[in-house]
Amino acid sequence: MFELEQKQVEEKIHAYCRQQGLPVIEIKWTWIPFNGQWGISTSFFQLAAASFGEKKGNVAARASEIAENLAGSLAKLPAFEKIEAVKGYLNLYFSTSAYFQQVLNSVLEEQDKFGHGERLHQRVMVEFSHPNTHKAFHVGHLRSAFLGDVLARILDAAGYEVIRANYPGDIGLHVIKWLWNYLKFHKGEKPDADITRWMGSIYAEAVRRLEQDPALEDEIREMYNRWDRRDPEVVACWKETRQWSLDGFNAMYNLLGIHFDRYYFNSMFEVPGKEMVEELLQKGIADDERPENGAVVVKIDEKLGLKEEKYRVMVVLRSDGTALYATEDLALARQKFLDYPDLQKSFYVVDVRQSLHFQQVFKTLELAGYEWATRCQHLPYELVNLPGNVVMASREGTVVLLEDLIREATDRALTVVQEKNRELSAEKQLEIARAVGIGAIRFPMLARESNKVVTFDWESALDFNGQAAPYIQYAYVRANSIMRKIGDRIPPDLAPTYELTQPEITLVDLISRMPDEIQKAARDLRPLIITNQAYELARAFNDFYTQCPVLSAGEPARSVRLRLVAASRQAIANSLAILGITAPQAM
RNA sequence: GCCCUCGUAGCUCAAUGGACAGAGCACCGGACUUCUAAUCCGAUGGUUGUGGGUUCGACUCCCACCGAGGGCGCCA
């Protein structure tokens with residue numbers, strides 16, 4: 001938000017460097033790290049070290065000297081209230097009243113666009129979630145869904161045109177097993193409610209039956225053959241039951257606040273994938289080892305002339321000529337660029353275990369001469385495990401179903417809402433409980449580095465205190481409550497003519513950082529940056545709330561603070577929006 | 001055997017290569033005639049796995065080791 005001011009100072013520093021015969025280097029700004037102080041800072045250690053060249057010297061002392069000199073020559077800049085040199089750092093403190101006013105004005109003018117970047121007119125795609133039909137949807141699946149959703153929101157806020165893509169696994173061995181069990185033991189059944197759970201149970205039952213009697217594998221093979229022959233009964237059953245899953249997923253996505261612009265289905269890429277393998281063979285990139293009882297493979301390291309193994313060998317077609325996941329991924333990647341030739345980036349939010357697989361796919365496409373291959377990028381994330389490092393797997397039955405988690409979280413929130421908001425209708429209460437419960441589920445999936453394993457346990461999943469979504473939502477509600485008391489009429493623009501207190505300065509400081517934080521989150525593809533920002537903002541607001549009376553304050557503080565409350569409410573709302581967390585009107 | 005990721009307070013996690021490594025939970029002690037206490041304030045808690053190296057400066061980068069997890073031609 002302070003590009004202009006920064007530029008001015010940078011020019012002065014550069015002029016000083018030239019005058020002193022120092023190298024002109026890029027100035028890196030940081031926020032002043034001291035609480036309650038508002039401004040920007042840069043250090044001169046690098047410059048001091050450079051000034052000595054090959055010789056040794058006291059860098060700290062030299063840096064202090066440079067900072068002191070600059071502080072002296074910059075002393076008259078009107079943009080800053082105070083300029084000081086401390087231990088080799090140059091600290092520039094904003095003139096609070098002017099910027100305080102400027103920040104609030106931007107927020108209140110831009111409203112829900114505050115913090116967002118200029119439209120870049122660049123298109124990117126984020127593929128995420130990719131659930132398997134005919135299986136349960138469990139908590140382990142949430143990470144990709146939330147990560148992808150929020151990355152899409154972040155990129156959109158940063159200024160990109162974002163395509164949200166889903167790639168459901170609607171065919172494959174798991175579906176065949178399901179169809180077999182259904183047609184043999186459950187033909188004609190269809191539950192009225194809770195369909196995703198039921199789909200999962202039919203699958204789990206199929207797995208159990210096959211474990212108990214391995215001879216049944218023959219029947220699975222037969223079912224696969226029927227599918228390959230496009231047996232009308234099997235195809236019809238597949239179409240119908242596949243839709244049940246998709247309907248169930250849609251209901252869940254709606255509840256979770258996730259939507260997609262584009263669906264690619266696994267079943268659409270079997271044939272095109274095989275065609276691409278044929279093409280790879282013709283180009284001499286793939287090797288057909290089927291005559292020697294092998295498969296069709298791409299020996300990537302060999303083709304690249306690498307001495308050490310890196311990409312290894314990727315199987316692109318089974319020895320019996322049937323398609324693999326890899327086969328289909330080749331065609332999927334291509335389809336995305338056929339649909340959107342101007343795609344700058346094609347992101348895949350898929351768990352870390354598939355890192356090598358995606359490196360292989362993208363490198364193979366590059367070898368095949370597709371120039372867009374380098375625009376594909378896998379965004380890996382670690383798994384959600386159960387305590388004791390137990391992986392969630394539908395087959396093992398070690399899962400926490402999403403429906404159960406949502407119900408528990410919502411119930412717990414509802415208990416509090418009913419106690420605290422007796423005057424609200426049951427419908428309103430449930431709406432709030434949903435926002436709080438689902439927000440509480442979302443937050444911890446986003447508030448940690450994606451390369452760290454998340455351990456799910458009920459106790460912390462249902463803990464609404466501290467660093468959690470309800471804390472942030474509550475800050476929003478408090479701000480909203482104050483504004484409601486004055487009919488939401490925000491006082492007109494005015495400058496603070498009283499001495500601002502520390503909580504007020506900290507709060508506006510954090511609000512002013514939001515545009516930068518959003519850009520940083522988009523650049524690094526890290527939702528964590530936004531969760532941190534949102535939490536800090538909420539904390540600063542709660543601090544302000546307890547220390548600074550608003551409605552009972554005398555003018556001009558009352559009006560200034562009302563504007564600050566309105567701006568805080570907006571900033572918190574915008575942070576929550578990027579995180580896909582609903583900001584309730586009451587709690 | 002090769003490759004990838006992680007290791008920070010009792011627990012869960014933060015910290016653009018820069019100022020005293022910060023939060024939450026738990027535990028202990030306080031605060032509701034005042035805008036919603038799902039809140040706030042205070043106290044306790046650290047040789048950042050170990051050993052080297054690079055740098056003016058390392059939780060951060062490099063190397064080795066230890067510990068945990070994951071991946072390596074026909075699963076997805």
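As a basis for the values below, the full set of heavy atoms in this structure was taken, side chains included, without hydrogen atoms, waters or symmetry mates. Every chain is numbered from 1 and lettered A, B, ... according to where its sequence line falls, protein lines coming before strand lines.
- Using the Watson-Crick or G-U wobble rule with both distances under 3.5 Å, B:rC72 pairs with B:rG1.
- Of all nucleotides listed (B:rA19, B:rU36, B:rA14), B:rU36 comes nearest to the side chain of A:A586.
- Counting non-hydrogen atoms under 4.0 angstrom, A:V352 reaches nothing in the nucleic acid.
- Taking for each of A:I529 and A:V391 the nucleotide of RNA chain B with the nearest heavy atom, the 5'-most of the two is the partner of A:I529.
- Base-pair partner of B:rU60: not found among the strands shown (Watson-Crick or G-U wobble, both distances under 3.5 Å).
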Next item on the list: Would you sort out whether A:V361 and A:L330 count as a side-chain contact (heavy atoms from CB on, under 4.5 Å), showing the intermediate values?
Entry: CA-CA 6 Å; A:V361 170; A:L330 292 168; 4.1 Å; yes

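- Checked by distance alone, A:N465 brings no side-chain donor or acceptor within 3.5 Å of a matching partner on the base of B:rA37.
- Distance check, rounded to the nearest 0.5 Å: CD of A:E449 to CG of A:L528 gives 5.0 Å.
- Comparing the P positions of B:rC28 and B:rU34 gives a spacing of 28 Å, expressed to the nearest Å.
- Look at the P atom in both B:rA9 and B:rA14: the space between them is 13 Å, to the nearest Å.
- In the set B:rC25, B:rC6, B:rU39, the nucleotide with an atom closest to the side chain of A:N451 is B:rC6.
- For B:rC35, the base has no donor-acceptor partner in the side chain of A:S481 [N/O atoms by modelled type, under 3.5 angstrom].
- Considering only side-chain atoms of A:K87, the nucleotide from B:rG24, B:rU39, B:rA19 that sits closest is B:rA19.
- When all heavy atoms of A:A71 and A:I83 are compared, the pair lying nearest together is CA-CG2, 3.9 Å.
- For B:rG46, there is no paired base (Watson-Crick or G-U wobble, both distances below 3.5 Å).
- Under 4.0 angstrom from either OP1 or OP2 of B:rG73 there lies no side-chain N or O belonging to A:R318.
- Residue A:Q46 has its side chain nearest to B:rC56 when only B:rC56, B:rG73, B:rA37 are considered.
- A 3.5 Å limit on both hydrogen-bonding distances identifies B:rC6 as the Watson-Crick or G-U partner of B:rG67.
- Rounded to the nearest Å, the gap between the C1' atom of B:rC35 and that of B:rG29 is 28 Å.
- In the set B:rC74, B:rA37, B:rA19, the nucleotide with an atom closest to the side chain of A:A295 is B:rC74.
- For A:A49, counting side-chain heavy atoms from C-beta on, the closest listed nucleotide (B:rG73, B:rC56, B:rU8) is B:rC56.
- Shown here, B:rC20 forms no base pair; nothing in the strands shown gives a Watson-Crick or G-U wobble contact with both key distances under 3.5 Å.
- Using P as the reference atom, B:rC59 and B:rU50 are 11 Å apart when rounded to the nearest Å.
- Anti is the classification of B:rG57, since its glycosidic angle lies more than 90° from 0.
- Here the side chain of A:Q467 is nearest to one of B:rG24, B:rA19, B:rC74, namely B:rG24.
- Put simply, the side chain of A:R448 and the base of B:rC13 share no donor and acceptor less than 3.5 Å apart.
- The nucleotide whose nearest atom lies closest to any side-chain atom of A:R353 is, among B:rA37, B:rG70, B:rC35, B:rG70.
- For the pair A:K310 and B:rC4, the criterion of a side-chain N or O lying under 4.0 Å from OP1 or OP2 is not met.
- Here A:Y348 and A:F362 bring their ring centres to under 6.0 angstrom of each other.
- The side chain of A:N532 lies closest to B:rA14, out of B:rA14, B:rA23, B:rC20.
- Ring-centre distance between A:F358 and A:H378: below the 6.0 Å cut-off.
- Residue order along RNA chain B, read from the 5' end via each residue's closest nucleotide, puts A:R526 first among A:Y471 and A:R526.
- Contacts of A:V316 with the nucleic acid, taken as non-hydrogen atoms under 4.0 Å apart, are absent.
- If you take atom P in B:rG1 and the same atom in B:rG22, they sit 42 Å apart, rounded to whole Å.
- In the set B:rC74, B:rA15, B:rC40, B:rC40 carries the atom at the smallest distance from any side-chain atom of A:D543.
- Residue A:S41 places a side-chain atom within donor-acceptor reach of the base of B:rA19, judged by atom type and a 3.5 Å distance cut-off alone.
- Looking at heavy-atom distances under 4.0 Å, A:A468 makes no contact with the nucleic acid at all.
- A:Y535 has its ring centre less than 6.0 Å from the ring centre of A:Y471.
- As judged by a 4.0 angstrom heavy-atom cut-off over every strand, A:L324 is placed among residues touching the sugar-phosphate backbone only.
- Nucleotides B:rC63 and B:rA58 place their C1' atoms 15 Å apart, quoted to the nearest Å.
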Next item on the list: Just do the side-chain contact (heavy atoms from CB on, under 4.5 Å) check on A:S512 and A:W38 with the steps written out, would you?
Entry: CA-CA 10 Å; A:S512 74; A:W38 190 27; 3.8 Å; yes

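- Contact check on A:E536 versus A:R539 returns a salt bridge, with a Lys/Arg side-chain nitrogen under 4.0 Å from an Asp/Glu carboxylate oxygen.
- Atom name C1', nucleotides B:rG71 and B:rA76: the rounded distance is 14 Å, in whole Å.
- Looking at A:R312, its side chain comes within 3.5 Å of the base of B:rC2 through a donor and an acceptor atom.
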